[in-house]
**Q** 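Sharing a structure here in structure tokens format.
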Number of protein chains: 2
Amino acid sequence: MELSQRKEKILAAVVEHYIRTGEPVGSKTLLSALDITVSSATIRNEMAELAALGYLEQPHTSAGRIPTNEGYRYYVDNLMGVRPLDESVKRQIEAGVSLKNASPEAILAKASEFLADMTDCAAVSTTPSGENATIKRIEFVPVGTRTGMIVLLTSTGVIKSKVCRSDVDLNSSMIEKFYNIVKASFIGLPLDEIDTATLQTLVASMGADALTMIPFVSAVSELAQEAMRTMVMLGGQSNILRYREDYGTTAYELMDFLRRGEPISQLLANSKADFDVKIGGENKFKQLENSSVIMAHYNIDGDNRGSIGIIGPTRIDYASLIPSVRYLTDLVGELLTQTLNEE
Amino acid sequence: MELSQRKEKILAAVVEHYIRTGEPVGSKTLLSALDITVSSATIRNEMAELAALGYLEQPHTSAGRIPTNEGYRYYVDNLMGVRPLDESVKRQIEAGVSLKNASPEAILAKASEFLADMTDCAAVSTTPSGENATIKRIEFVPVGTRTGMIVLLTSTGVIKSKVCRSDVDLNSSMIEKFYNIVKASFIGLPLDEIDTATLQTLVASMGADALTMIPFVSAVSELAQEAMRTMVMLGGQSNILRYREDYGTTAYELMDFLRRGEPISQLLANSKADFDVKIGGENKFKQLENSSVIMAHYNIDGDNRGSIGIIGPTRIDYASLIPSVRYLTDLVGELLTQTLNEE
DNA sequence: GTTAGCACTCTTTTGTCGCGAGTGCTAACT
DNA sequence: AGTTAGCACTCGCGACAAAAGAGTGCTAAC
């Protein structure tokens, strides 16, 4: 749907004004905000047409207009000025995500927290997916007479560790047996091939040693699961209260939605493009019907591996937050690439 | 301050009714709730006296009475029936905290989450304090040409690990050097003696090796800090919205308060008794002035080491939640004792 | 000490009214 | 044909008033 230039100007002004104030905007207000040489009546006519086209709506007859979800969509796709990020904002973001010597989880947790603070929205991120990774290395470190720590390194550079407990005292022959099993059965194996069936056949093939080895073997499998699973990092839930009126009655549902990592990871994984904006009901979760999501994906070694996003009211400030989310996400991608490749 | 038996009965009835309904309770309502053979006028007289004593108040002249913080306090200290926990609730709690083979952090995180769900409040817990612990063991596991994982075990059984990166390729002589330094300088050292000053003298004494060893040594120190620091686990923040009206305008402040672990750990550490209830402004944090806190402390090897608590509105259901929190906390204590002592 | 009765207070609800904001339509103008 | 001025119309909102309802405090009698 193509709009005349003047309609576009009006639509943009309505969207921007409403985003700023949260109040329905009428023809007169618009007249002074717009450097245009027409009368308010003309603007009214144009607005009526925009409403007929579905881009604007009236909360009630005698109020101004507010954008519909389609209105926001048109604004984001066609009208929004993509001014480059301020240098000072860039530097602020750079400071916010810098974290040396930290795990991917810690980096993303901090990034989410920072992004939430910066945008006054709730922020979410997913840890790198380990779907196509294989097991590169497994180590066992005794830390007590019956306790040891298993360390797993994947081909994508993710390191996971887990304390594990044996039913009998550890001795070097057991540890050697463990390494033999690991070498023969695990190294090089794709993470997603370690399921309970594989484990059972493995345990069955061990014969007499099975009993003592089970805690170790199952710990390795748990680690593989963990390394594969993407975790959801969450920040700034309290910011939901900040825009409480905009969320209406869905505020509680929204907070509850945020707690459950699973749907969020679906939400974030659901888009292929470099970055994505979902406005109101555009995503299939009805808890988000009064929310917009701005998300971007980060790459590790050029490979799309995870996402970072913010969730705010539909009248979120798209124009200035989209570039911020994208820039931050790119930075995090670089940082993670670096972290995971250093050996 | 001693109250007559009848006054106590009335106060208890007011508190319990208000906790249940959230509505101010008047003399007639009370009459039907109370199996007492007096008229509403008598109850009015008694309530007027209770108000004069500071245990009840009226939101406005023609409304019923609601308990003051002092009223809740008297109720909790003297009136509240301490019925033992239902067997079914006990079993529910046992199921909620059972987690085999998990780290203390994971156990407490799950316990907080579960407690929040069970009580419809926000729940918090602190990880065991490592204040008096010493370093028992340190291991180094190479996982790449320049990367290794350092594993630290404390005398209290806490295991922490961290990936650490060298500037040059690792070789066995460096690893041996590392173990020498560790043996000589760290093993047996109390965690709180590892500060920057100690580290600097240590690095200074290493002479030429200092440069290559610094990443390792400082990683050990970071691990020691981590093992010492109590972390705050948080669950059920969304439940704050559930009692939004009760928190009034402090709802946002409350959520924000919960995010910052530090004040919460102060709050929880501030009480010596086995368990503790803070009502409204009784704790020094003004973000909690409309909240009550029910907290209990768990013991590891008989030693008070951490706390678990819930934060709700002042009209929280003390009588049934206090036993739940205590029972759960005891269970967690047992579980942690077991986890940390198994070697 | 207890109770019935009653006047009193204060909130809440409902209804009405007028104001103001903003619209849509029509007729005139360019 | 597009634009504009003018005007009647609609609707939400705040103010105000009246009525209803809940609950109290007090007094006088039991």
Side-chain angles (χ1 to χ4, degrees), chain A residues 2-11 13-18 20-68 71 245-246 248, chain B residues 2-11 13-68 71 245-246 248 315:
Chain A
E2 274 291 308
L3 293 183
S4 76
Q5 209 174 349
R6 195 170 63 187
K7 279 201 183 59
E8 292 197 334
K9 237 174 156 173
I10 290 176
L11 178 56
V14 171
V15 170
E16 277 159 18
H17 193 276
Y18 185 66
R20 212 172 49 246
T21 65
E23 300 286 319
V25 28
S27 52
K28 269 188 207 154
T29 327
L30 221 44
L31 192 59
S32 59
L34 226 48
D35 56 340
I36 218 172
T37 64
V38 293
S39 76
S40 67
T42 310
I43 295 185
R44 278 204 293 283
N45 287 333
E46 294 283 55
M47 288 210 291
E49 284 180 54
L50 282 170
L53 291 169
Y55 293 123
L56 296 179
E57 67 181 343
Q58 286 178 284
H60 52 262
T61 329
S62 77
R65 299 299 210 296
I66 64 177
T68 62
E245 323 78 67
D246 291 310
Chain B
E2 274 290 308
L3 294 182
S4 76
Q5 209 173 347
R6 195 170 62 189
K7 278 202 183 61
E8 291 197 335
K9 236 173 155 173
I10 291 176
L11 178 55
V14 171
V15 170
E16 277 159 17
H17 192 278
Y18 184 66
I19 284 176
R20 212 173 48 247
T21 66
E23 299 287 318
V25 31
S27 51
K28 271 188 205 152
T29 328
L30 221 43
L31 192 58
S32 60
L34 226 48
D35 55 342
I36 219 173
T37 64
V38 292
S39 77
S40 68
T42 310
I43 294 184
R44 279 205 291 283
N45 288 332
E46 295 282 56
M47 288 210 291
E49 285 180 55
L50 282 169
L53 291 170
Y55 294 120
L56 296 179
E57 66 181 344
Q58 286 178 287
H60 53 261
T61 329
S62 77
R65 298 300 210 299
I66 63 177
T68 61
E245 323 79 65
D246 292 310
R315 53 170 273 254

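A, B, ... follow the sequence lines: proteins, then strands. Residue 1 opens every chain. What you are looking at is a predicted structure, and each value in this text was computed from that prediction instead of being measured.
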**Q** For L50(A) and dT23(C), what is the distance between atoms CG and C1' respectively, to the nearest whole Å?
**A** 15 Å

**Q** Excluding sequence neighbours, so at least two apart, what forms salt bridge (Lys or Arg N to Asp or Glu O under 4.0 Å) with K7(B)?
**A** E46(B), E49(B)

**Q** Tell me: CG of L56(B) to P of dG25(D), nearest whole Å?
**A** 11 Å

**Q** Excluding sequence neighbours, so at least two apart, what forms side chain to side chain contact (heavy atoms under 4.5 Å, CB included) with T61(B)?
**A** none

**Q** Please report the distance, rounded to the nearest Å, between CD1 in I66(A) and C1' in dG22(C).
**A** 15 Å

**Q** Nearest-Å distance, CZ (R65(A)) to C1' (dG22(C))?
**A** 9 Å

**Q** Which parts of nucleotides 1-13 of chain D does protein reach within less than 4.0 Å, heavy atoms only, written one letter per nucleotide 5' to 3' as B for base, S for sugar-phosphate only and - for none?
**A** --SBBB---BBS-

**Q** Below 4.5 Å, heavy atoms only, C-beta onward: do M47(B) and L11(B) meet side chain to side chain?
**A** no

**Q** Between atom CD1 in I43(A) and atom P in dG22(C), what is the gap in whole Å?
**A** 12 Å

**Q** Give the rounded distance in Å between these two atoms: NZ of K28(B) and P of dT24(D).
**A** 9 Å

**Q** Could I get the full list of side-chain hydrogen bond (donor to acceptor under 3.5 Å, both in side chains) partners for T29(A), not counting sequence neighbours?
**A** none

**Q** How many Å lie between CD on Q58(A) and C1' on dA21(C), as a whole number?
**A** 12 Å

**Q** Specify the separation, in whole Å, of atom CG of L30(A) and atom C1' of dT23(C).
**A** 14 Å

**Q** I need the L50(A) CG to L3(A) CG distance, nearest 0.5 Å.
**A** 6.0 Å

**Q** Among residues at least two apart in sequence or on other chains, which ones pass salt bridge (Lys or Arg N to Asp or Glu O under 4.0 Å) with R44(A)?
**A** none

**Q** Partners of E23(A) by side-chain hydrogen bond (donor to acceptor under 3.5 Å, both in side chains), sequence neighbours excluded?
**A** none

**Q** How does DNA chain D read in dot-bracket, base by base from 5' to 3', with Watson-Crick or G-U pairs under 3.5 Å and | used when the partner is on another strand?
**A** ||||||||||||||||||||||||||||||

**Q** Can you list everything that forms a salt bridge (Lys or Arg N to Asp or Glu O under 4.0 Å) with E16(B)? Sequence neighbours excluded, please.
**A** none

**Q** State which residues pass side-chain hydrogen bond (donor to acceptor under 3.5 Å, both in side chains) with E57(A); sequence neighbours excluded, sorted by chain then number.
**A** none

